[in-house]
Number of protein chains: 2
Amino acid sequence: MPHDAKAAKAGTRPGGRSARVRTDVVTATLAELTEKGYDQLTVEAICHRAGVHKATVYRRWGGVDGLIADALALSADQPWPIPDTGNVDEDIQLLAREVYTTFTDPDLRTTPTALIGAALRSDLGAAALSAFFTARHQQAAEVVTRAVERGQLPADVDPVELVRAATAPLYHRLFITGEPLDERAAHRAAAAALLAARAGLFDAPAP
Amino acid sequence: MPHDAKAAKAGTRPGGRSARVRTDVVTATLAELTEKGYDQLTVEAICHRAGVHKATVYRRWGGVDGLIADALALSADQPWPIPDTGNVDEDIQLLAREVYTTFTDPDLRTTPTALIGAALRSDLGAAALSAFFTARHQQAAEVVTRAVERGQLPADVDPVELVRAATAPLYHRLFITGEPLDERAAHRAAAAALLAARAGLFDAPAP
DNA sequence: CAACTAACGCGACCTGTGTCGCATTAGTAT
DNA sequence: ATACTAATGCGACACAGGTCGCGTTAGTTG
């Protein structure tokens, strides 16, 4: 009776066929999405690749948007390398740089770009994306918390707000304005966020 | 032979029936989008409302995504109130506040929110959105240019970059993370952008 | 005013997404 | 081992989204 992390969904039988099907289908979804893009994404192709019947997918996920949302939910669970150099400035820079690399490197960018782009195309996906970023931001906020303990940042700075500020401009360019993303932009975003935090702009509101 | 601004599309007959149809259809699209939302948006409903045949829409716009893109293109052409108080800090704050109000006021938010949200759901719409923001940013950059002339900001600051930084966090919250938007966030974004600009972070690269 | 052209109206048709009832199989409990 | 339950497999089907060829109309040209 392994405490499998995948058995998150309450009520379903853990570790059974359902779990296998879920993994297969989500994997197939990601593969199809990466290869063909969202516009060419079809439920039938996913089913064929996963070796699963169409009706099963519609029953469990409701459609393409449900698949994207679930894929994103799985991604959100996976841990993420958080820098810890002992220097906040460096940590935040690395954080921004990691985002930059993820969405710029030709070998890495395709899947994450397609997945987030796809999530923006439905209300369900958007909700999943929201949860995804909440998880990521909370994980990364660790960097700020540590810095506050070291006295490198004001004590009442809002950790999540700083992380958000350091990465938001990159996502903004990528998915909203569609402007190109360069190294300078990543550096600027991180530097500006740190500057604002030190100026007290990200202080949590007093109770 | 009026120099109609709508006759932008080269090759088409200006001011004729085509122009009327375009206006009717785009208006109907916006109305349907506002009332029913993107997920319930159907080409047939738009045609019915505009008094136009289905085939016409598919021929000229190619589908829903084309309609959204065209609606956005029309919006991009419309001028936009740019603050001019004589004080950059105030101008930038007003700029951010205007975005905040547009997407927060119950009477104003529905249409812009739905339109931008819809634009994110197709490649065509995303391209139109990119052009839309380019236009907006360039218009608003005027605020920064004037400030530089007045000596309120460093001479080599990139005007568009400052405008972008002041508004990006708001769009990021609205359309990517789905977090709530409050007045403080708008204020913070503007203040942080100004801070960064004065620190030289937004300087245009030397040639 | 008359000829001409581009765009629109019309309706039939095709494609494929999503649904439904029932048979079958995997996994669980006794 | 045997009985039971939930999920999947299966194929037929309904239906909306989107296409096509042709006739008609609005707007332009001389």
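Chain identifiers are assigned alphabetically (A, B, ...) following the order of the sequence lines, protein sequences preceding nucleic acid strands; residue numbering begins at 1 within each chain.
- Rounding to the nearest 0.5 Å places CG of B:L95 at 9.0 Å from CG of B:L162.
- For the pair B:H48 NE2 and C:dG9 P, the interatomic distance rounds to 14 Å; values are reported in whole Å.
- The separation between A:K54 atom NZ and D:dC10 atom P is 13 Å, rounded to whole Å.
- Taking the side chain as every heavy atom from C-beta outward, B:P205 and A:R184 approach each other to under 4.5 Å.
- A donor N or O paired with an acceptor N or O is found under 3.5 Å between the base of C:dG9 and the side-chain atoms of B:R59.
- A:F133 and A:Y171 have perpendicular rings, their planes meeting at more than 60° on a 0 to 90° scale where under 30° would count as parallel.
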Could you walk me through whether B:R173 and A:E161 pass the salt bridge (Lys or Arg N to Asp or Glu O under 4.0 Å) check? CA-CA 11 Å; B:R173 285 176 103 107; A:E161 187 59 34; 3.6 Å; yes
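- The nearest whole Å value for the distance from the CG atom in A:D24 to the P atom in C:dA26 is 15 Å.
- Of the side-chain N and O atoms in A:R20, one or more sit less than 4.0 angstrom from OP1 or OP2 of C:dG27.
- Axis angle across the helix from C:dT15-D:dA16 to C:dT30-D:dA1, with five pairs used at each end and values rounded to 10°: 20°.
- OP1 and OP2 of C:dA7 both lie 4.0 Å or more from every side-chain N or O belonging to B:R22.
- Among the heavy atoms of the strands lying under 4.0 Å from A:G51 are primed sugar atoms or P, OP1, OP2 only; no base atom is included.
- Contact check, A:T42 against C:dG16: no side-chain N or O comes under 4.0 Å of OP1 or OP2.
- The minimum heavy-atom distance linking B:S122 with B:G125 is given by the pair OG-N, 3.0 Å.
- Distance B:Y58 OH to C:dT15 P: 17 Å, rounded to the nearest Å.
- Per the geometry, CH2 belonging to A:W61 stands 18 Å off C1' belonging to C:dT17, to the nearest Å.
- Within the 4.0 Å cut-off from OP1 or OP2 of D:dT8, at least one side-chain nitrogen or oxygen of A:R60 is found.
- Using cut-offs of 30° and 60° on the angle between ring planes, the pair A:F175 and A:F103 is perpendicular.
- For B:R97, the CZ atom counts as loosely surrounded, since its 6.0 Å shell holds 12 or fewer non-hydrogen atoms of other residues, nucleotides or ligands.
- A:I46 places its CD1 atom 16 Å from the P atom of C:dG16, with the value rounded to the nearest Å.
- The separation between A:H53 atom NE2 and C:dG21 atom P is 15 Å, rounded to whole Å.
- Atom CD of A:Q40 is separated from atom C1' of C:dG16 by 14 Å (rounded to the nearest Å).
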